[in-house]
A.B. asks: 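My questions will all concern the structure given below.
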Amino acid sequence: AALAAAGAGAPRPPAGLIAGPVEPHVFGQLFLFYNRVPPETLLFWGRAAGLLLLALLLIVLRLWGGVFALAFAAFDPNLLAHSSLATTDGGFTALFIASLALWEVSPAAAGAVGGLALGSKATGIILPFVFLFCGRARMRSVLISWSAFAAVAVLCYAPTGVAGLVDMLSFRSAQMGSPAPTYLFGESYPQGHPLYFPAILLIKTSLPLLFLGIWGLADKRLWKGREERRRLILAAGALLLFAAMSARRQLGVRYVLAVYPLLALGAGAAAASLWKRGASFRLAAASLLAWHAGSSLAALPQPLAYANEAFGGPAAAWRLMGDSNVDWGQALPELKEFIEKNPGGLILSYFGRDCPSRLGLEAQDAFSTPGPCPRGELLPVDVGREWLAVSATKRQGFYESGPPAWAWLGARVPAAVAGRAILIYDVSRDADAHERLAAMYAAMGERAAAAREAARGRLLRRALQRSS
């Protein structure tokens, strides 16, 4: 509705850019970049909706869990990162938590908001099971919540109704059951890893939130008179994690993003308990919250690449994780800033859905995957300074189905890492790098680019021989 109000319409790509039907991700890119409304406007409204739902989440946590729960969630880098994107992950998290909070007040309202959660993301299907687990002694309440859940979920898929809902669930079930490669701790796993999500949560959760959250949810004494709430939180977190670990598609912490507000509720209970014990304990609670906030703010302006201090911090994230944990194509502005400060020719292997040329980044393309974007021109053979920029996901080489591997970069130290997601190498005098690029281009059938790189390599070899 917000996009329609902004004047968005059907995409109008240039003639010849796309031939035939396109898959949904490519359609989304066409809709964004070839609309009658500028992409910045569309992104503004898409992100505004996410931030609005983040505000809803924080209000719910304040009312349900208190000031400390609100504070830990408000400074969580993962919630900040994904709620500010035009995706469904942040919105689903807000609706998921709101549904849980409403269970104590009105099963019908809990079910209705749960139906909205399912309408935003298929993961919402676990909510009826959470209600069943926590309301076995009150089956009437469970049935009321289920009825409201089903009714709203079907309405979300109007005009196709039940058929549309079933089709969505079938599609997502097949998608999550199909194997997808995973990157974890510097290793690629072609069909995922059974401990992927626990490991990702260990890396991407701040140490204070991890400590206080686990303590707060494990200690029954902190929940006097609210034991049912603790069971509800634990059941929701366990089912969410179990569902994610059962899937064979493991592409980021965003799949279990709703775990973070649940941890914040546990951390809030633990911090509130410390606060009641006296001045020294208050100082401890305040210090842990300050550590959590400082760790999160240190990851800005790219909180997507957050990793806690035990794993080397955000600067080390690209060595440990891939895809939306680190690199979702968000670092082109930082790459442009680097090139403006360090002028030279650019060879770019980009992973993402943006178009580098849209930002004024003129580059020789090296197997980028941005979809329907104009290709850059080849660099002159006699260019002076020359940079090779490779997205972390491309460098890791686990997510693509066919492009050449960049493993030969392993011995080279990047001159910079733009936005913690694009590795930049100085190849101005690196004949070996150009020879390897020539072989890569040749293997992919790009003869002109292969010839350019081979000629550049020969030129640098001759210069090296003359200087020696």
A.B. asks: Just so I know, are the side chains of I424 and V417 near enough to count as touching, which here means a heavy-atom distance under 4.5 Å?
C.D. replies: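 With C-beta onward as the side chain, the pair stays apart.
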A.B. asks: Is there a donor-acceptor contact under 3.5 Å from the side chain of K336 to the main chain of L359?
C.D. replies: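 Yes; at least one donor-acceptor contact below 3.5 Å.
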A.B. asks: Using salt bridge (charged side-chain N to carboxylate O under 4.0 Å, His left out), reason through R138 and E228 one step at a time and then give a plain yes or no.
C.D. replies: CA-CA 13 Å; R138 306 192 309 274; E228 183 179 1; 3.2 Å; yes
A.B. asks: Quick check against the 3.5 Å criterion: does S99 have a side-chain atom that pairs as donor or acceptor with the backbone of L95?
C.D. replies: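 No: the side chain of S99 does not pair with the backbone of L95.
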A.B. asks: Would the distance check show the side chain of S83 and the main-chain N or O of L80 forming a donor-acceptor pair, the cut-off being under 3.5 Å?
C.D. replies: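 Side chain of S83 to backbone of L80, a donor-acceptor pair under 3.5 Å: no, none is there.
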A.B. asks: Out of curiosity, T87 OG1 to R254 CZ, how far, rounded to the nearest 0.5 Å?
C.D. replies: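 Reported value, rounded in 0.5 Å steps: 7.0 Å.
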A.B. asks: Taking the ring of W387 and the ring of F338, is the distance between their centroids below 6.0 Å?
C.D. replies: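 Judged by ring-centre distance (under 6.0 Å), F338 and W387 do meet the cut-off.
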A.B. asks: Pair F92, L118 - check side chain to side chain contact (heavy atoms under 4.5 Å, CB included), show working.
C.D. replies: CA-CA 8 Å; F92 165 77; L118 178 62; over 6 Å; no
A.B. asks: Quick check: do Y260 and F72 have side-chain heavy atoms less than 4.5 Å from each other?
C.D. replies: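 Result no, sub-4.5 Å side-chain heavy-atom pair not found.
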A.B. asks: Determine whether more than 12 heavy atoms belonging to other residues, nucleotides or ligands lie under 6.0 Å from atom CZ of R319.
C.D. replies: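 No, CZ of R319 has 12 or fewer neighbouring heavy atoms, counting only those of other groups under 6.0 Å.
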A.B. asks: Go through S273 and R277 one step at a time and tell me if the side chain to side chain donor-acceptor pair (under 3.5 Å) criterion holds.
C.D. replies: CA-CA 7 Å; S273 175; R277 298 184 186 184; 3.2 Å; yes
A.B. asks: Show your working on side chain to side chain contact (heavy atoms under 4.5 Å, CB included) between V256 and M245 and close with a plain yes or no.
C.D. replies: CA-CA 10 Å; V256 290; M245 292 174 67; over 6 Å; no
A.B. asks: I need the single residue from R231, R229, R230 that forms a salt bridge (Lys or Arg N to Asp or Glu O under 4.0 Å) with E104. Which is it?
C.D. replies: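 Answer after filtering R231, R229, R230: R229.
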A.B. asks: With heavy-atom distances below 4.5 Å as the criterion, would you say the side chains of N325 and K204 are in contact?
C.D. replies: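 Yes, side chains in contact.
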A.B. asks: Would R62 and I59 count as a side chain to side chain contact (heavy atoms under 4.5 Å, CB included) if you check the C-alpha gap in whole Å, the side-chain angles of each, and the deciding distance to 0.1 Å?
C.D. replies: CA-CA 5 Å; R62 171 63 182 89; I59 291 170; 5.7 Å; no
A.B. asks: Please determine whether a side-chain nitrogen of the Lys or Arg among E227 and R221 lies less than 4.0 Å from a carboxylate oxygen of the Asp or Glu.
C.D. replies: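 Between R221 and E227 there is no salt bridge, as every charged N stays at least 4.0 Å from the carboxylate O atoms.
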A.B. asks: Are a donor atom and an acceptor atom from the side chains of S368 and D365 found within less than 3.5 Å of each other?
C.D. replies: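 Result is yes, a qualifying pair exists.
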A.B. asks: Rounded to the nearest 0.5 Å, what separation is found between the CD atom of Q250 and the CG atom of D323?
C.D. replies: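 One gets 11.5 Å once the value is rounded to the nearest 0.5 Å.
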A.B. asks: Please check this pair: side chain of S296 against backbone of F75, looking for a donor-acceptor N/O pair closer than 3.5 Å.
C.D. replies: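 Side chain of S296 to backbone of F75: a pair is present.
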A.B. asks: In this structure, are over 12 heavy atoms from other groups packed under 6.0 Å from F242 atom CZ?
C.D. replies: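 Not more than 12 within 6.0 Å, no.
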A.B. asks: Under 3.5 Å, is there a donor-acceptor pair between the H193 and T182 side chains?
C.D. replies: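 The answer is no; no qualifying pair exists.
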A.B. asks: Working to the nearest 0.5 Å, report the span between CD1 of I422 and OH of Y350.
C.D. replies: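 Separation between the atoms: 7.0 Å.
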A.B. asks: Has D327 got a side-chain atom pairing as donor or acceptor with G329's backbone, closer than 3.5 angstrom?
C.D. replies: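 At least one qualifying donor-acceptor pair exists.
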A.B. asks: Would F131 and W103 count as a ring-ring contact (aromatic ring centres under 6.0 Å, His included) if you check the C-alpha gap in whole Å, the side-chain angles of each, and the deciding distance to 0.1 Å?
C.D. replies: CA-CA 8 Å; F131 299 150; W103 172 254; 5.0 Å; yes
A.B. asks: Quick one: do Y306 and S295 satisfy side chain to side chain contact (heavy atoms under 4.5 Å, CB included)? Show the steps, please.
C.D. replies: CA-CA 9 Å; Y306 178 81; S295 180; 2.6 Å; yes
A.B. asks: Output yes when a side-chain donor or acceptor of R282 lies under 3.5 Å from a complementary backbone atom of W275, and no otherwise.
C.D. replies: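 The answer is yes, because a donor-acceptor pair under 3.5 Å joins these two groups.
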A.B. asks: Determine whether more than 12 heavy atoms belonging to other residues, nucleotides or ligands lie under 6.0 Å from atom CZ of R226.
C.D. replies: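 Result for CZ/R226: enclosed.
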A.B. asks: Taking Y196 as the fixed residue, which of L201, L184, V253, L251 is the one that meets the side-chain contact (heavy atoms from CB on, under 4.5 Å) rule?
C.D. replies: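 Filter result, single survivor: L184.
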A.B. asks: Please name the residue in the list L102, I233, L57 that meets the side-chain contact (heavy atoms from CB on, under 4.5 Å) test with I97.
C.D. replies: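 Exactly one pass, corresponding to L57.
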